[in-house]
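See below for the structure under consideration.
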Amino acid sequence: MAKDASTVFDLVILGGGSGGYAAALRGAQLGLDVALIEKDKLGGTCLHRGCIPTKALLHAGELADQAREGAKYGVKSSFEGIDMAGVHKYKDGVVSGLYKGLQGLVASRKITYVEGEGRLSSPTSVDVDGQRYEGRHILLATGSVPKSLPGLEIDGNRIISSDHGLHLDRVPESAIILGGGVIGVEFASAWKSFGTDVTIVEGLPHLVPAEDENSSKLLERAFRKRGIAFSLGSFFEKAEYTDKGVKVSLANGKEYEAELLLVAIGRGPVSQGLGYEEAGVAMDRGFVLADEYCRTNVETISAVGDLIPTLQLAHVGFAEGILVAERLAGLNPVPVDYHGVPRVTYCHPEVASVGVTEEKAKEIYGADKVVTLKYNLAGNGRSKILNTTGEIKLVQVRDGAVVGVHMVGDRMGEQVGEAQLIYNWEALPAEVAQLIHAHPTQSEALGEAHLALAGKPLHSHD
């Protein structure tokens with residue numbers, strides 16, 4: 001708690017998720033006196049209801065698939081079923097270990113940690129359970145929650161959100177997933193691996209619609225091969241209970257029935273009733289508006305993470321929180337280049353990207369200035385060993401830098417680090433082609449793609 005009622009902190013942070021705790025850790029490191037307020041658990045959505053637990057489910061699903069498929073590798077293995085209690089024990093153990101480590105880290109930095117529901121009471125104060133915390137600067141980092149649609153009530157029974165999906169005590173026999181973005185396709189992938197009959201409903205023309213269209217088409221092909229059904233290009237109309245589950249009707253007249261409906265249409269900001277508007281903070285559709293330095297229109301208030309209309313990714317929250325802490329400490333941080341943020345969807349196969357899509361590049365530079373190249377993973381030895389298919393697509397400004405890297409295939413998320421450097425350092429294909437990649441690795445595929453783009457392909461056709 002606060003040292004005493006008269007304490008004025010350098011920085012008071014409302015929200016202990018990725019953006020909030022990153023700002024707290026960096027701020028304290030730079031000598032700021034920081035108070036961090038969180039009503040739930042330190043670590044927020046990412047640690048407890050998002051990134052970490054979903055990836056644990058996906059890994060369990062991967063092991064289930066490997067057990068089923070052992071014979072094709074000459075390994076005598078059998079799949080006997082999913083023990084959801086055991087899956088949750090494993091998942092919760094991962095979360096618990098990271099949570100304890102984060103608690104220790106915050107304590108070691110001498111951050112004043114406050115458990116309780118906070119509310120912005122003025123441009124320089126936050127109230128928590130009758131106690132006021134004054135700050136020379138306030139950082140709003142209250143995050144997001146799963147969204148729904150008008151007339152579609154998430155009841156936690158047959159119509160559930162991703163929060164409920166992480167705690168199911170059984171493997172559903174069948175499920176409809178409303179939304180083919182990151183959350184939807186990750187749950188679809190994990191549940192299919194567990195044995196669920198899955199159908200995705202996406203109103204837009206493609207799955208993972210924010211990705212390059214080529215990546216979307218590759219994922220759709222892979223999902224068809226896995227037996228994951230999907231309906232594209234027609235929007236949700238209504239959902240109703242049946243004797244055994246739920247029925248979903250679409251605008252095109254099609255109907256689907258399943259045991260469960262998972263609503264995965266995205267996440268909305270947590271900002272209602274927290275005093276933001278009363279303090280004069282500019283808002284739009286529930287989001288707090290901020291500039292490239294995460295400054296709001298109120299001089300003493302900044303905002304980060306899912307609360308502002310930037311990419312809803314934990315690592316974006318980290319970067320924005322660090323940016324605010326460094327700015328307040330008198331440093332001169334560089335604004336986040338959101339195109340340069342790596343993006344990974346951890347389904348099977350994975351979809352990873354950094355930079356702009358081909359369509360966006362043509363919009364920015366002109367269609368005649370954009371060059372693309374596709375490298376098929378069939379030519380990569382390590383991918384062949386892992387029995388994964390997919391492609392790496394490069395988007396280049398003609399005679400210039402690579403401005404987009406788009407990858408589909410198992411473990412492609414592990415290759416996005418190098419892709420991030422290529423984009424952010426404005427590398428030319430010939431410069432990347434000079435780098436020697438270890439053989440056999442999947443990173444080699446990224447090197448081979450640049451060799452081809454530089455006009456000297458090795459394990460690919462001219």
Side-chain angles (χ1 to χ4, degrees), residues 1-46 102-103 105-144 269-283 287-291 293-308 317-331 333:
M1 299 295 287
K3 295 159 189 173
D4 59 60
S6 63
T7 299
V8 177
F9 293 91
D10 294 315
L11 177 60
V12 174
I13 302 169
L14 183 54
S18 302
Y21 85 68
L25 291 172
R26 183 61 175 139
Q29 191 177 55
L30 292 169
L32 301 181
D33 194 5
V34 179
L36 178 61
I37 299 163
E38 171 55 51
K39 69 176 182 179
D40 190 8
K41 287 183 176 179
L42 182 64
T45 294
C46 173
L102 181 57
Q103 287 175 306
L105 194 56
V106 167
S108 74
R109 298 276 174 92
K110 307 279 192 295
I111 294 163
T112 298
Y113 183 65
V114 182
E115 291 184 1
E117 187 164 355
R119 186 179 189 279
L120 188 65
S121 48
S122 80
T124 56
S125 64
V126 175
D127 288 357
V128 185
D129 300 327
Q131 173 83 43
R132 177 157 294 183
Y133 296 86
E134 295 278 353
R136 295 180 180 85
H137 201 87
I138 305 294
L139 176 59
L140 307 178
T142 43
S144 64
V270 175
S271 58
Q272 286 288 90
L274 295 178
Y276 297 172
E277 289 168 316
E278 292 89 331
V281 176
M283 313 272 289
F287 289 102
V288 170
L289 298 179
D291 68 8
Y293 291 98
C294 299
R295 298 175 297 200
T296 72
N297 63 309
V298 179
E299 186 178 1
T300 55
I301 300 176
S302 296
V304 297
D306 289 2
L307 183 62
I308 64 176
F318 294 149
E320 291 171 343
I322 291 167
L323 171 71
V324 170
E326 292 185 346
R327 174 168 56 79
L328 295 178
L331 303 183

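Considering CD of Gln272 and CD of Glu277, their distance stands at 6.5 Å, rounded to 0.5 Å. Distance check: Leu36 CG to Tyr21 OH gives 11.0 Å after rounding to the nearest 0.5 Å. Lys39 NZ to Asp129 CG: the interatomic distance, rounded to the nearest 0.5 Å, is 12.0 Å. Leu105 CG to Leu25 CG: the interatomic distance, rounded to the nearest 0.5 Å, is 4.5 Å. Distance check, rounded to the nearest 0.5 Å: CG of Leu102 to NZ of Lys41 gives 12.5 Å. The distance from atom CG of Leu14 to atom OG of Ser125, rounded to the nearest 0.5 Å, is 11.0 Å.
In Glu117, the CD atom is not crowded: 12 or fewer heavy atoms of neighbouring residues, nucleotides or ligands sit closer than 6.0 Å. Enclosure of atom CD in Glu278 by more than 12 non-hydrogen atoms of other residues, nucleotides or ligands within 6.0 angstrom is indicated.
Looking at heavy atoms from C-beta onward, Arg136 lies out of side-chain contact with Thr300 at the 4.5 angstrom threshold. Between Val298 and Ile138, every side-chain heavy-atom pair lies at or beyond the 4.5 Å cut-off. Using a 4.5 Å heavy-atom threshold, the side chains of Thr296 and Tyr276 count as separate. Residues Leu140 and Leu274 are not in side-chain contact: their nearest non-hydrogen atoms beyond the backbone lie 4.5 Å or more apart. In this structure, His137 and Leu32 have side chains that are not in contact, with every pair of non-hydrogen atoms separated by 4.5 Å or more. A heavy-atom distance below 4.5 Å is not found between the side chains of Val106 and Glu38. No side-chain heavy atom of Met283 sits under 4.5 Å from any side-chain heavy atom of Pro269.
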Side chain to side chain contact (heavy atoms under 4.5 Å, CB included), that's the test. Do Ser271 and Leu307 meet it? Break it down for me.
CA-CA 7 Å; Ser271 58; Leu307 183 62; 3.9 Å; yes
May I have the step-by-step check of side chain to side chain contact (heavy atoms under 4.5 Å, CB included) for Val281 and Ile301, ending in yes or no?
CA-CA 8 Å; Val281 176; Ile301 300 176; 3.8 Å; yes
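Not a single donor-acceptor pair under 3.5 Å links the side chain of Asp127 to the backbone N or O of Gly130. Side-chain atoms of Asp10 come within 3.5 Å of backbone atoms of Asp33 as a donor-acceptor pair (strictly under, hydrogens ignored).
The shortest heavy-atom contact between Phe9 and Thr112 is CE2-OG1, 3.5 Å. Taking every heavy atom of both residues into account, Ala28 and Ile111 meet most closely at CB-CG1, 3.8 Å. Residue Thr45 comes nearest to Ser144 through the heavy atom pair OG1-O, 3.8 Å, listed as atom of the first residue, atom of the second, then distance. The two residues Ser122 and Ala279 make their nearest non-hydrogen contact at C-CB, 4.5 Å. Across all non-hydrogen atoms, the minimal contact from Arg119 to Gly273 is NE-O, 3.4 Å. Here the closest heavy-atom approach between residue Leu323 and residue Cys294 is recorded as CD2-SG, 3.9 Å.
For the salt bridge (charged side-chain N to carboxylate O under 4.0 Å, His left out) test, no residue two or more places apart in sequence or in another chain qualifies with Arg109. Residues satisfying the side chain to side chain donor-acceptor pair (under 3.5 Å) test with Asp40, not counting sequence neighbours, are Arg49.
Test Val126, Val34, Val304, Val324 against Ile13 for side chain to side chain contact (heavy atoms under 4.5 Å, CB included) and you get one pass: Val34.
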